[in-house]
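Note that the coordinates shown come from a computational prediction; the quantities given were computed from them, not determined experimentally. The sequence lines fix the lettering, A, B, ..., with proteins before strands; numbering per chain opens at 1.
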Amino acid sequence: MYSFEIERPATIAEAVAALKGEDAQALGGGQTLIPTLKQRLAMPGVLVSLAGIDAINGISRNGAGEFCIGGGSTHAAVAGGAGAYPALAALAGGIGDPAVRNRGTIGGSLANNDPSACYPAAALGSGATIVTNAREIAADDFFQGMFTTALDEGEIITEVRFAVPEVANYQKFEQPASRFALVGVFVAKYASGVRVAVTGASEEGVFRWAEAEAALSADFSAAALDGLTMSAAGMIGDLHGTAEYRAHLVAVMTRRAVQAAG
Amino acid sequence: MTDVTLTVNGTQVTAQVEGRTLLVDLLREDARLTGTHVGCDTSQCGACVVHVNGEAVKSCTMFAVEADGAEVTTIEGMANADGSLSTLQQAFQDHHGLQCGFCTPGMVMSAAALLKENPKPSAQEIRDYLEGNICRCTGYHNIVKSILAASGQDAGAIAAE
């Protein structure tokens, strides 16, 4: 690692101020950032640890019944604390391994927007609201391509709000070495319609599968997906799977998610 | 350089560290507790697992500065007060839960965290929980048996698998 300083602010305001420094970068749980730093793929001057900010930690329900998850909440905390949204709790409990889940945070995962991460699928599939120190961003506007989000420089995810669907399920075809999703599909059925979010597959990062959403909104059953296929154009192809394989998996995992959601 | 003070296995440790100093380096180089191993240094293998405030974490993927004020338990803190092996450690010995032993510190720390959460895990639950701990001798079967035995269950039940 290159050399850097670490600051540990106790409030959002202090963190925002610290992130205005030259070459300052936010540090969540560090489960992606620290390996990145070890490979010298990043060279921050200052890391601003968000772990000591109590205001962005914790899980609650608001008046609208939404799950409000502090941006600094660990995957383990969400797995254990989001029982009323079982698909979300199960997704969080399937990220990485137990030790990673004790450190990694929802805010860190969403801000990084790894094209194979699980949380972007939950946020986009639930139409979540990403709350920052400055504004509220709809998930549909938040994800802007591989490792790219609507966040401005120095902007911190303070909370993520999830409306709880009637039924939902996440199916992850795991890449066994990294435990990231080779393809993951999050399906959520709301009164307003069905949302289908796909991670791990596209060169553009997480995306919604509009054709599947339309079919499932009309008839929420695996049979409604018969004949629907995903084009391999723009899919990720690597040593773990070709673009065609991933495109095929998208349809398979969507079907499994619908079946499991019931 | 920053001064950090933490409690390691009940003893207060103070060290001067850089921002980039990892918790595992503080434990090994400053506290001279070399039982915690660095296998991969890429968050894959789990040989470096320790408990920070009671939770299993990979000490190669946490900065020492972030452990300031924390209670840390390493493999050196797992034996009984009189120095004898704990039930879990004894079970690893009795059931040959280690071959070369390099992964063992992390295996024991992860297993201890599991048993705190789930005192009677099934063999499958043990395997699932250890997904972030890699044994390059591939001695998983006896590790699972050891943990079953440590939790008071019949380790022989999986012998025929």
May I ask you to test the [X]-[Y] pair for a side-chain heavy-atom distance under 4.5 Å?
X: A/Asp97; Y: B/Tyr129; value: no
X: A/Arg8; Y: B/Asp68; value: yes
X: A/Lys38; Y: B/Asp41; value: yes

Inset, instruction - Rounded to the nearest 0.5 Å, what's the gap from SG on B/Cys60 to CD1 on A/Ile34? Could you check? - result: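 Taking SG in B/Cys60 and CD1 in A/Ile34, the distance rounds to 8.5 Å.
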Inset, instruction - Give, for atom CD of A/Glu5 and atom OG1 of B/Thr2, the distance between the pair rounded to the nearest 0.5 Å. - result: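 The OG1 atom of B/Thr2 is 6.0 Å from CD of A/Glu5, to the nearest 0.5 Å.
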Inset, instruction - Report, as yes or no, whether the 6.0 Å neighbourhood of atom NE2 on A/His248 holds more than 12 heavy atoms from other residues, nucleotides or ligands. - result: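 Count not over threshold, so no.
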Closest approach of [X] to [Y] (non-hydrogen atoms, all atoms of both residues):
X: A/Met1; Y: B/Phe63; result: SD-CE2, 3.8 Å
X: A/Ile6; Y: B/Gly19; result: CD1-O, 3.1 Å
X: B/Glu18; Y: A/Ser3; result: OE1-OG, 3.7 Å

Inset, instruction - Counting only heavy atoms closer than 4.5 Å, note whether A/Leu33 contacts chain B via side chain, backbone, both or neither. - result: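 No part of A/Leu33 comes within 4.5 Å of chain B.
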Legend entry - Proximity breakdown for A/Ala76 and chain B, heavy-atom pairs closer than 4.5 Å: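 Contact with chain B: none, neither part.
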Legend entry - Salt bridge flag under 4.0 Å for residues A/Arg101 and B/Glu117: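 Salt bridge absent between A/Arg101 and B/Glu117.
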Can you check whether [Y]'s main-chain N or O pairs, donor with acceptor, with [X]'s side chain at less than 3.5 Å?
X: A/Arg103; Y: B/Lys58; answer: no
X: A/Asn102; Y: B/Glu55; answer: no
X: A/Gln31; Y: B/Thr61; answer: yes

Legend entry - Part of B/Met62 within contact of chain A (heavy atom distance under 4.5 Å):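 It is both, since atoms from each part get that close.
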Legend entry - Contact class of B/Leu130 relative to chain A, heavy atoms under 4.5 angstrom: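 Contact with chain A involves no heavy atom of B/Leu130 at all.
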Inset, instruction - Could you have a look at B/Gln44, B/Met1, B/Glu66 and say which one has the most heavy-atom pairs with chain A under 4.5 angstrom? - result: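 The candidate making the most pairs under 4.5 Å is B/Glu66.
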